[in-house]
Undergrad: 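Handing you a structure now.
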Amino acid sequence: MATQGLGLEITELRLGLPGGGPEKNEKKRMFSEIEGEGNSSNGHGKTQNKSQVVGWPPVCSYRKKNSFNGRETAKTYVKVSMDGAPFLRKIDLSAPGKGYSDLVMALEKLFGCFGIAEPMKDADSSEYVPIYEDKDGDWMLVGDVPWE
Amino acid sequence: MCLAYMMNYFPEEVLEHVFDFLASHRDRNAVSLVCQSWYRVERFSREKVFIGNCYAIIPERVIARFPRVRSLTLKGKPHFADFNLVPSDWGGFVLPWIEAMARSGVNLEELRLKRMVVSDESLELLARSFPNLRSLVLVSCEGFTTDGLAAIASNCSVTPLGELAIGDADAMVGLILVLAMITPKVALTLFLMELDLQENEVEDCRGQWLSCFPDSCTSLVSLNFACLKGEVNLAALERLVARNHNLRSLRLNHAVPLDALQKILMQAPQLVDLGTGSYVHDPDSDTYNKLKSAVQKCTSIRSLSGFLEDVAPRCLPAIYPICLNLTSLNLSYASLIHSSELIKLIHHCSQLQRLWILDCIGDKGLGVVASTCKELQELRVFPSDIYGVGSAVVTEEGLVAISAGCPKLNSILYFCQQMTNAALITVAKNCPNFIRFRLCTLNPTIPDPVTMQPLDEGFGAIVQSCKGLKRLSLSGLLTDQVFLYIGMYAEQLEMLSVAFAGNSDKGMLYVLNGCKKLKKLEIRDSPFGNVALLADVGKYETMRSLWMSSCEVTLGACKTLAKKMPRLNVEVINENDLIDASSDDRQKVEKMYLYRTLVGPREDAPEFVWTL
């Protein structure tokens, strides 16, 4: 689930039975859209046009550091699909303070899949553990890899 | 003539009383040049001293001339330091000033610093040495931590009981606690009225600096800690606000959440200036409803800022009631609020005189500002997309709309993707009252996209129309022609910022020859060289400073200038050891900063700064 570099390209998240692979999703795009804020709907978020010039534009360094908008990461909305659900949802993964438990809570709320959040809250007393299938096709326990 | 003759027979007390009416230091400077007796009367009566460049003079001489100084304003680093063009450690230390004033027994009440290096040691010395300190304002400073702020907050003046050796701040606080316990009659006079921290880099030491304001501190009028990164003790903050009934201005940092804000506003309905912390909550909650009613009681708020880091747009309606009376609104640090939300907010703000906003408001949003804010005098539109990742959101259209709708506009800072000559000409016609005009195109050398011409004619129209223009920042594709216009028309110009502009020395010469009132000239990445630099060396003594970086000026020319003009410090800032003693005089100088001074080369220059 780690994001990679400035491209911020993440695979779609899919809730469903194991074995459902890319062939099912041929009609859909493989990679989620990266939505920047404002009018950057034409995918400018993928390439960084970083200004090469020191001190230009002349925004004072305090403002650069403390402007929320000065941060390099755009908001990262990722599509989430669940087998059997009639439509997909979108979650913002880059909002501050997000972590695995927030993601799982959000999935529970969006899809009504009650019970997946429980093991996050109280690992010992729960019968279940949340796991996910990574890009290599392996089943991984949620929480090992740092959220960032 | 007759009047001056008569004036000399007035007792000095009368002269002093007349001079009391002169608030501005410029007027007082003028008055002190009239004759010896006026000079004498003026210097003993001046209480507010303004030093625009801390290296133009030494503190001892300031104190000697103005022994009754109570309020000192000091500025340190050159303006381009804001954009990382000046190495940190260049200088601008306040400690020698505080030490000198402490030694001389100056009765300092007010200290205002801009772009200076302020250590915790300085703050501790300040807190110890001046029992009547009322006001500390730090703008764009660095070098201190929250421990230094704790020393100021404590700010105890202890009535001496015999000899007290006062060591460091910790010992001081400990001593006072002991005294407070054993001698409750010891008067601790705490006069601190204003602690205003604007855009400083402050290290958070996780202390409880805010809790260091003692219970007996009830004199606060203004408290601004918006720039602090760390947590504050919310309970201590609430108690502080509750007991300081004179508090008029309060600006919180991002760590103060909305529920704390609600409690604070309940205690301080008299506030005139409010800066919120983060502004996120569930708009359906009880807390939010309480905030709404607290806000309604704050009928005196005229200035609003904050909304730091996180803003829930659905919570904005709580502030609509105060918008009607707002004269100043700063949303430039607010997390991206969608332009439609901003527009809804602006619709309520018909009395605005000052607006600082992000460019995500868009041209359409600026159109709403233009039709709603008829009292607008100052507008700043900051870029929300510094790294050029997205597409433009304000263009010349927004600026033209504002100029057409806001007849009182006199000050603008405008970051935009592009600008046209036609737009600038229209703006110049609509707004002849500009005092400050700063335009910044995100691409520094972009031409007029319609005509592909440089922006010379547009800026030319601005300087020709705005006869009172004092400050100008240029950008876009510009040739020597724009400088010809500036030299010809900008008669009141005091500060000019130039980047990536001009073709030859002629450009700089036009400005130096034409702008008689020029005080500060800062130039980067422009093809101006030795001929321009050396043409009129006397000019620089009429100015505060000149900055030139990445231009065509050589080491030899700087040396020549320094030799001819002993009352200038010509500093070559030599990072990366590009220049050394064996360097050829023909080598170009990367960064040069020169300024007039009465005291020769400064003693605190770091190794990489050569004063020639």
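Residue numbers begin at 1 in each chain, while the letters A, B, ... track the order of the sequences.
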Undergrad: Ignoring hydrogens and angles, state whether a donor on the side chain of B:N84 or A:K64 is under 3.5 Å from an acceptor on the partner side chain.
TA: no
Undergrad: Measuring heavy-atom distances to chain A, does B:R438 have an atom under 4.5 Å in its side chain, in its backbone, in both, or in neither?
TA: neither
Undergrad: Just verifying a value: how many Å separate B:D82 CG and A:Y62 OH, rounded to the nearest 0.5 Å?
TA: 13.0 Å
Undergrad: Are side-chain heavy atoms of B:F80 and A:P58 found at a separation under 4.5 Å?
TA: no
Undergrad: I need the A:K65 NZ to B:E199 CD distance, nearest 0.5 Å.
TA: 12.0 Å
Undergrad: Between B:D525 and chain A, with a heavy-atom cut-off of 4.5 Å, which part of the residue counts as in contact: side chain, backbone, both or neither?
TA: neither
Undergrad: How about A:N66 and B:H254: do any of their side-chain heavy atoms sit closer than 4.5 Å?
TA: no
Undergrad: Is any side-chain heavy atom of A:V54 closer than 4.5 Å to one of B:F83?
TA: no
Undergrad: For the side chain of A:W56 and the backbone of B:N443, is there at least one donor-acceptor N/O pair under 3.5 Å apart?
TA: no
